[in-house]
Amino acid sequence: MQLQDILYSQGFGPRRLCTGLLQNGLVAVNGETVTDPAADFEPDGLRFSVEGKSWEYHAKAYLVLHKPGGYECSQKPSAWPSIYTLLPAPLRQRPVKGGQPGVQAIGRLDQDTTGMLLLSDDGAFIHRMSSPRHHVPKVYEVGTADPVDAKQVARLLAGVVLDDDPRPVQAAACEATGEHGLRLTLTEGKYHQVKRMLAAVGNRVVTLHRSRMGSLALPDDQAPGQWRWLTPEQLVAVADRGQ
Ligand code: URA
């Protein structure tokens with residue numbers, strides 16, 4: 001694949017800009033500056049640098065972001081900064097055939113929720129992971145305003161009715177983690193689901209953190225605001241329905 005096409009596919013801007021980056025000596029492969037836009041490289045596993053910043057070729061982008069509090073998951077946030085501002089420009093610009101450029105968040109977390117958020121530019125993967133039929137378990141660490149009791153845990157497991165749907169929603173797993181703490185596993189993703197479930201049992205969420213999706217935990221050493229590429233093994237693990 002020509003290097004100018006590699007740069008374009010990775011989101012380094014329109015083709016003429018990618019050509020210009022190369023012609024201006026701003027791109028290096030294996031530490032050597034490459035100025036020929038048509039220079040041919042095997043893209044898989046290619047590492048290169050643009051204006052001194054190193055980059056890794058990925059045919060499709062699959063990322064995990066540790067969402068910090070105080071960020072909205074929307075591209076056009078209303079009151080808080082967008083999570084997309086936490087990503088480097090190439091990830092926001094990657095060309096997507098027939099779609100909006102750049103990676104998209106898979107589902108949303110509330111502005112004040114922290115934790116694991118996936119992003120991708122693979123439409124089929126986004127669709128599969130967002131489908132209500134794809135019951136990937138998601139684990140939430142919940143801090144509550146009032147003490148948690150056994151009755152609340154039992155009701156969350158048995159199912160509670162939310163205001164917009166007569167069918168009860170139930171936690172796939174639920175355990176108290178302290179006087180004011182719960183670990184709740186959900187396999188669906190309704191709007192404000194954890195907050196509304198807690199309200200339905202007479203408590204209130206004060207802190208909410210998503211710690212796990214499928215069989216993948218958010219790594220302890222991934223700080224709030226940091227993003228990482230998912231490895232192929234992690235990609236399989238996040239989609240794991242545990243069956
Ligand atoms: N449930 C909520 O109430 N909020 C979130 O951000 C995620 C799940």
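Counting convention: from 1, in listed order, for ligands and their atoms alike. Since this is a predicted model, take the numbers as computed values, not measurements.
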Open item on the list: Can you tell me how far apart CD (Gln93) and CG (Asp121) are? Round to the nearest 0.5 Å.
Closed with: 13.0 Å
Task: Single hit among Thr231, Leu119, Leu235 for side-chain contact (heavy atoms from CB on, under 4.5 Å) with Tyr62 - done: Leu235
TODO: Give the C-alpha distance, both sets of side-chain angles, the deciding distance and a yes or no for salt bridge (charged side-chain N to carboxylate O under 4.0 Å, His left out) between Arg167 and Asp165.
DONE: CA-CA 5 Å; Arg167 281 170 306 169; Asp165 192 344; 3.1 Å; yes
Open item on the list: Ring-plane angle category for His209 and His66, please: parallel below 30°, perpendicular beyond 60°, tilted otherwise.
Closed with: perpendicular
- [ ] Applying side-chain contact (heavy atoms from CB on, under 4.5 Å) between Arg196 and each of Val160, Val205, Asp163, report the one that passes.
- [x] Asp163
Task: Test ring-ring contact (aromatic ring centres under 6.0 Å, His included) applied to Tyr57 and Phe48, step by step - done: CA-CA 8 Å; Tyr57 175 89; Phe48 54 94; 7.8 Å; no
- [ ] Compile the protein residues with any heavy atom at a distance under 4.0 Å from an atom of ligand 1; present them by chain, then by number.
- [x] Leu109, Asp110, Thr113, Tyr140, His192, Gln193, Val194, Lys195, Leu208
